[in-house]
Amino acid sequence: MKKQIYYIPKPALFSFGECMWFLDRRFDECLYRISKSEVRKAVMINEDAFLLGITEKDKDIAITILCGKPDALQRIALLNYVADWFDLSKDLAPFYKLLSANKQLAYMCSEFNGLRLIGIPDLFEALCWSIIGQQINLTFAYKLKRRMVEAYGQQLVYDDTVYHLFPEPERLARLAVSELRAMQFSEKKAEYVITIAEAFANGRLSKEILQALPSLEARQKALTALKGIGIWTANYALMKSLREPASIPQGDVGLLNALENHGIIKARTETEKIERLFKKFKGWESYIVFYLWRSLAKK
DNA sequence: AACCAGGCTGCGC
DNA sequence: GCGCAGCATGGT
């Protein structure tokens with residue numbers, strides 16, 4: 001049978017290669033698979049799992065449905081998922097204008113041209129991932145995530161290859177702390193993940209609930225009310241999942257390192273200089289953070 | 001081998 | 001309110 005292929009026109013200031021480069025960093029990612037020119041990812045749309053293959057084709061992004069038969073609504077949801085993941089609907093022109101006006105950062109306009117803020121559309125996944133990543137090196141964090149995903153997530157098989165889905169909150173809510181401890185989660189991380197899974201499973205928290213709140217502050221407060229979610233985690237999740245333009249993972253080690261590398265600060269304590277920088281990027285705070293993170297990786 | 005990892009909580013002042 | 005130990009273990 002012929003595979004279904006759908007197209008999304010590339011927006012201006014978009015580079016598939018830059019986005020792929022970000023996805024293909026050296027980490028042991030278990031939720032998608034990259035080949036030369038394609039990223040494949042399993043996506044769940046209300047109870048049904050699909051496998052997407054995403055490539056670029058001339059002026060379009062081509063999305064091939066490798067597994068599953070979406071109905072009309074699911075097809076729309078899948079295309080929306082891709083658009084959301086790659087942040088395709090944002091006009092980056094104002095951001096590039098601000099970038100080019102900044103002496104230390106202007107080079108990013110050409111160096112990272114067309115890089116989009118790659119998101120984590122699933123809020124539950126974003127929160128779990130940021131809790132896993134707290135205070136440990138990323139290599140180890142990816143290892144922890146893989147163990148959890150392989151043990152409790154659903155999967156699809158295509159072409160003799162397994163594609164994992166992030167575990168459902170209902171599944172993780174049933175876990176005992178000891179089960180995650182066995183995977184080398186710390187006691188606290190295990191508790192936090194299970195608590196958050198419960199909050200999602202019983203409907204106390206969801207992306208929709210959070211989106212309905214009136215302000216960034218309200219959303220931050222709703223998240224930090226949960227144990228294990230501090231301001232860093234709240235802002236990280238808001239930036240990657242709700243795409244809050246102005247959320248900054250304050251105090252983030254990588255962010256501070258990048259600011260030092262660029263000579264914007266000399267010491268990690270120079271909070272005034274950091275505030276001054278973000279003031280210049282008002283409305284684009286999360287984007288500049290993402291680009292600064294990008295600058296940390298070696299070509 | 002010490003020191004740092006995409007921090008957070010709970011305690012003592 | 002602010003500072004700080006403790007968390008648990010892998011990387012460098």
Side-chain angles (χ1 to χ4, degrees), chain A residues 21-31 112 115 117-120 122-149 166 175-199 205 219-244 246-262 264-265 267-272 274 277-278 285-298:
Chain A
W21 187 95
F22 176 83
L23 292 173
D24 195 21
R25 291 170 302 162
R26 62 191 180 284
F27 300 113
D28 179 31
E29 174 62 62
C30 59
L31 293 174
F112 308 148
L115 173 66
L117 200 170
I118 305 298
I120 304 177
D122 178 357
L123 176 64
F124 178 59
E125 178 192 332
L127 287 171
C128 290
W129 172 230
S130 48
I131 283 166
I132 290 172
Q134 287 170 7
Q135 186 53 21
I136 58 174
N137 67 73
L138 278 180
T139 309
F140 183 42
Y142 276 96
K143 218 176 264 182
L144 294 180
K145 180 168 88 165
R146 175 180 284 283
R147 288 177 189 150
M148 189 171 86
V149 166
F166 195 77
L175 294 183
V177 169
S178 60
E179 294 176 82
L180 290 175
R181 278 291 292 133
M183 297 179 174
Q184 289 179 289
F185 280 62
S186 70
E187 191 91 11
K188 290 296 170 195
K189 270 195 214 299
E191 288 170 16
Y192 299 158
V193 166
I194 293 169
T195 307
I196 289 164
E198 284 165 355
L205 182 59
R219 289 186 271 279
Q220 289 169 332
K221 250 184 117 176
L223 287 175
T224 53
L226 287 164
K227 285 232 183 308
I229 301 182
I231 191 63
W232 178 88
T233 304
N235 280 323
Y236 179 88
L238 287 169
M239 142 182 190
K240 294 284 273 188
S241 192
L242 270 70
R243 298 198 165 281
E244 287 279 358
S247 69
I248 306 166
Q250 302 280 6
D252 177 83
V253 186
L255 171 61
L256 295 172
N257 287 340
L259 292 171
E260 279 184 351
N261 293 346
H262 287 84
I264 293 167
I265 58 171
R268 292 181 175 194
T269 48
E270 295 179 312
T271 49
E272 280 175 30
I274 300 174
L277 175 76
F278 281 120
E285 289 91 336
S286 59
Y287 248 94
I288 192 60
V289 169
F290 190 73
Y291 269 53
L292 284 164
W293 281 341
R294 168 65 180 84
S295 76
L296 293 169
K298 303 279 168 279

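Chain identifiers are assigned alphabetically (A, B, ...) following the order of the sequence lines, protein sequences preceding nucleic acid strands; residue numbering begins at 1 within each chain. Note that these values count all heavy atoms, side chains included, but never hydrogens, waters or copies made by symmetry.
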- Query: A:Val289 or A:Thr224: which one's nearest nucleotide on DNA chain B is closer to the 5' end?
  - Reply: A:Val289
- Message: OP1 or OP2 of B:dA5 versus the side-chain N and O atoms of A:Asn257: is any pair under 4.0 Å?
- Response: yes
- Message: Can you see if the side chain of A:Lys189 gets near the phosphate of C:dT9 - specifically, an N or O under 4.0 Å from OP1 or OP2?
- Response: no
- Task: Give a yes/no on whether any side-chain N or O of A:Gln184 is located under 4.0 angstrom from OP1 or OP2 of C:dG10.
- Result: yes
- Query: Start at the 5' end of DNA chain B and walk down; is the nucleotide closest to A:Pro249 or to A:Lys188 reached first?
  - Reply: A:Pro249
- Task: Take A:Asp252 and A:Val289 through the side-chain contact (heavy atoms from CB on, under 4.5 Å) test and state the conclusion after the steps.
- Result: CA-CA 10 Å; A:Asp252 177 83; A:Val289 169; 6.0 Å; no
- Task: Check whether any side-chain N or O of A:Lys143 sits under 4.0 Å from OP1 or OP2 of C:dG11, and answer yes or no.
- Result: yes
- Per A:Phe140 side chain, nearest of listed nucleotides C:dG11, C:dT9, B:dC8: C:dT9
- Task: Determine the interatomic distance between P on B:dC8 and the same-named atom on C:dG10; round to the nearest Å.
- Result: 22 Å
- Task: Verify side-chain contact (heavy atoms from CB on, under 4.5 Å) between A:Leu31 and A:Glu125, making sure each step is shown before the conclusion.
- Result: CA-CA 11 Å; A:Leu31 293 174; A:Glu125 178 192 332; 3.2 Å; yes
- Item | Between C:dC7 and B:dA1 - P atom distance, rounded Å | 23 Å
- Query: Does A:Thr139 or A:Ser186 map to a spot on DNA chain C nearer the 5' end, using the closest nucleotide for each?
  - Reply: A:Ser186
- Item | Contacts of type side-chain hydrogen bond (donor to acceptor under 3.5 Å, both in side chains), residue A:Tyr291, not counting sequence neighbours | A:Tyr96
- Task: For A:Leu226, report the nucleic acid contact type (base, sugar-phosphate, nothing); a contact means any heavy atom under 4.0 Å.
- Result: sugar-phosphate
- Item | Gap between atoms CG and P, on A:Asn137 and C:dC7 respectively (whole Å) | 19 Å
- Message: Mind checking if A:Ile131 touches a base, just sugar-phosphate, or nothing, with heavy atoms under 4.0 Å?
- Response: nothing
- Task: Mind listing the closest non-hydrogen atom pair of A:Arg243 and A:Leu117 along with its distance?
- Result: NH2-O, 2.8 Å
- Using a cut-off of 4.0 Å on non-hydrogen atoms, how would the nucleic acid contact of A:Gly254 be classed: base, sugar-phosphate, or nothing? nothing
- Message: In this structure, how many angstroms lie between the C1' atom of B:dC4 and the CZ atom of A:Arg268, rounded?
- Response: 9 Å
- Task: Specify the residues of residues 230-238 of chain A, ordered by number, for which at least one heavy atom lies under 4.0 angstrom from an atom of DNA chain B.
- Result: A:Gly230, A:Ile231, A:Trp232, A:Thr233, A:Tyr236
- Message: Listing request: all side chain to side chain donor-acceptor pair (under 3.5 Å) pairs with a residue in residues 220-229 of chain A, at least two apart in sequence or in separate chains.
- Response: A:Gln220-A:Asn235
- Between A:Glu244 and A:Ser286: side-chain donor-acceptor atoms closer than 3.5 Å: no
- Query: Parallel under 30°, tilted from 30 to 60°, perpendicular over 60°: which one fits the rings of A:Phe22 and A:Phe290?
  - Reply: tilted
- Task: Identify whether any heavy atom of A:Arg147 sits under 4.0 Å from a base atom; if not, whether one sits that close to sugar-phosphate; answer base, sugar-phosphate or nothing.
- Result: nothing
- Message: For a quick test of reading the model: is some side-chain N or O of A:Gln135 closer than 4.0 Å to OP1 or OP2 of B:dG7?
- Response: yes
